[in-house]
Amino acid sequence: MLILSKIIPTKFFSTLQLVPFLPTLKFSSHALTNRQKFLTKEAVNTLLKSCSSNPYQLKQIHALLLTSGLSIKNSLLTHLLTCFIVLGDMLYVRQLFDEMHKPRTFLWNTLIRGYVQNDQPKEAAFIYKRMNLLGVRPDSFTFPFVIKACAELPEFKAAGPAAHAQVVKYGIEFVAVVRTELMIMYVKLGELGLADFLFKTMVERDLVAWNAFIAACAQNGYGMNALALFREMGSTGTRPDAVSLVSALSVCGQLGCSDTGEEIYRIAREEGIECNIIVENARLDMHMKCGNIDFATELFEKIPCGNVISWSTMISGYAINGESEKALSLFSRMQSEGLRTNYVTYLGVLSACSHAGLVSQGWRYFNLMSRSDDESIKPRKEHYACMVDLLGRSGRLEEAYNFIRSMPIEPDSGVWGALLGACVIHQNLELGQLAAHCLYELAPDVASYQVLMSNMYASAGRWDFVKKVRQRMRKKGVRKLAAYSSVEHNGELHFFYGGDRSHPQSEIIYEKLDCLIKQMKSMGYSSKTNSVFHDVDLEEKESIISTHSEKLAIVFALINVGPDRPIRVIKNLRICDDCHTFSKFVSQISLREIIMRDKIRFHHFRNGVCSCKDFW
DNA sequence: TTAGGGTTAG
């Protein structure tokens, strides 16, 4: 009793004393001998649950169970391991596992699951390999996790297909859970055809399989495929649930098609699931990502029980729309109402500061986080990256660099990438090269960093270095993302690439574009060719820049979208200097509002002025 | 005795 009272909170003592005499599990430890009680499985589970967030107590319970001299039931052992997995203490899980004599398959499965759930896919794959070497036969419970691990190992491209081969070897490729994981894995690898084949040939194609496929597409840049699947699902008579709707809404946010998004929300109403907070949050986010700030605000105020995600969504939404004041005042409201915040909330707050160049405010929030007693909101790598972005974008490059050097945690590619981005804007070749050097080590395959480097050298006129970077990209097979812009019109998305003439209205678009540029030139516009990073003459630079995708998209919208509606353009990369000026002129000439979302933020153009105040 | 799908940021 003495020992127990030390490790078990007193309030659970009564639970222990009240349990019925069901001999599911017997404690014969010294602590209980004088009472000779038998405990039920439920009681032990209650006990474990009560301590499940305290590794110290859990470890003591485990020690007590061992000294009791009794064999521990499998259910209890799994529960115990699961507690440590949830706590992220994989070292202890591994220690327990290694102490076991000939662990059975389900324990191997638990260990693999632990590594996967704690973002250690390499370890998971390693354990699977060892399992094979020792001749332990994997089962249908092993593979969902092994496949998931393989999908997280893009550096071993063959791992996923190899796992698939094993699945076939063991004859479990038609087990729904296993097949679903395979589908998700192939989508991540970009093999949509294979994923589709697995889906179409599934024996039990249930709602979860549909949702898994839709979500996998939605989360891996195949938004159009996700929407097509969502529609196909409806036409085959499978009714969507909250999960399907959330994925579909998220796609509409990514693609910037809020008309389609509202259509999807109407389905939620028809199905009677519109009061689900996750669906409501997805709708808020969708509107924020489409630039519908006022409507999203109205919806937000009407949500009866918003959670931390609703608030964070709004804060980040205001931030990307350039409404930093609204973002910061909403955060103050959260604080004054005593609402819980989390690390994502702070990312929104810092990004609001960054988009508006509010350096001293940014420092204030960052220090607030650092001083917090709550461990969960101590600054993480992402917050450091935000601060580097804020300082760097404001031209304080040295301060940003010193900030990185003072970091208590190892800076990652996000942090160095933020510095590199700032160096490109402020043309600091020296620091930029330093950042580039680190990025070659940390993220050699990320195209956007290589493009930044190449652009930095190009604007400094160092074409020899530009050539080097491009050669390295070719050698590594790193491909630059082609720039495109899109416009939603009558529920359909129209895509435009630079210099693209494939759109059926191309002729009239180019004609109108020509007229506009002439008119703008008479008003003082001259093209800014500083963002053409090719070693070509001025005339060619002007020609490249005059048919950038966003210009084509804007003109398309001018021709087609009714004058009572704003022009909405989504761009997959950042807007260039010239297109920014162009958009300001167009908003002035045509008296139309142009809402353009680039890769990281919105630009709302009205009467020749942009909401970003030319700071982006 | 362990298994598949969803929202905020980056």
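We name chains A, B, ... by the order of the sequence lines, and we start the count at 1 in each one. Side chains included, hydrogens not; waters and symmetry mates left out as well; all remaining heavy atoms used.
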Quiz item: So what does T345(A) touch, heavy atoms closer than 4.0 Å: a base, only the sugar-phosphate, or nothing?
Solution: nothing
Quiz item: Just checking D206(A): base, sugar-phosphate only, or nothing, at a heavy-atom cut-off of under 4.0 Å?
Solution: base
Quiz item: To the nearest angstrom, how far is I273(A) atom CD1 from dT7(B) atom C1'?
Solution: 14 Å
Practice problem: Starting at atom CG of N342(A), determine the distance to atom P of dG10(B), rounded to an integer number of angstrom. | Solution: 13 Å
Quiz item: Which part of the nucleic acid does T313(A) contact within heavy-atom distance under 4.0 Å: base, sugar-phosphate only, or nothing?
Solution: sugar-phosphate
Quiz item: Any side-chain N or O of K289(A) less than 4.0 Å from the OP1 or OP2 oxygen of dA9(B)?
Solution: yes
Quiz item: Touch check for D285(A), heavy atoms < 4.0 angstrom, all strands: base, sugar-phosphate only, or nothing?
Solution: sugar-phosphate
Quiz item: Distance only, no hydrogens: is a donor on one side chain within 3.5 Å (strictly under) of an acceptor on the other, for Y343(A) and E382(A)?
Solution: no
Quiz item: Any idea how F295(A) and H287(A) line up, ring-wise: parallel (<30°), tilted (30 to 60°), or perpendicular (>60°)?
Solution: perpendicular
Practice problem: Scan T110(A) against the nucleic acid and name what it touches under 4.0 Å (heavy atoms): base, sugar-phosphate only, or nothing. | Solution: nothing
Practice problem: Could you tell me whether E204(A) contacts a base, only the sugar-phosphate backbone, or nothing, with contacts defined as non-hydrogen atoms closer than 4.0 Å? | Solution: nothing
Quiz item: Rounded to the Å, how far apart are I147(A) CD1 and dA3(B) P?
Solution: 15 Å
Practice problem: Using a heavy-atom cut-off of under 4.0 Å over every strand shown, decide if M202(A) touches base, sugar-phosphate, or nothing. | Solution: base
Self-check item: Protein-nucleotide distance (M314(A), atom CE; dA9(B), atom P), rounded to Å
Solution: 12 Å
Exercise. Figure out the CG/P separation between N109(A) and dG4(B), and round it to whole Å.
Key: 12 Å
Quiz item: Contact class for F145(A) vs. all strands (heavy atom < 4.0 Å): base, sugar-phosphate, or nothing?
Solution: sugar-phosphate
Quiz item: With a 4.0 Å cut-off on heavy atoms, is K381(A) in touch with a base, just the backbone sugar-phosphate, or nothing at all?
Solution: nothing
Practice problem: Can you tell me the distance, in whole Å, between the CG atom of L182(A) and the C1' atom of dG4(B)? | Solution: 11 Å
Quiz item: With a 4.0 Å cut-off on heavy atoms, is R104(A) in touch with a base, just the backbone sugar-phosphate, or nothing at all?
Solution: base
Practice problem: Would you classify A282(A) as touching base, sugar-phosphate or nothing, given that sugar-phosphate means primed atoms plus P, OP1 and OP2, and contacts are heavy atoms under 4.0 Å? | Solution: nothing
Quiz item: For E232(A), does the CD atom sit with more than 12 other heavy atoms under 6.0 Å from it, leaving out its own atoms?
Solution: yes
Exercise. Would you mind classifying the nucleic acid contact of A385(A) as base, sugar-phosphate or nothing, using non-hydrogen atoms under 4.0 angstrom?
Key: nothing
Practice problem: State whether a side-chain donor-acceptor pair under 3.5 Å links D389(A) with S354(A). | Solution: yes
Exercise. Tell me whether the centres of the aromatic rings in W108(A) and F97(A) are closer together than 6.0 Å.
Key: yes
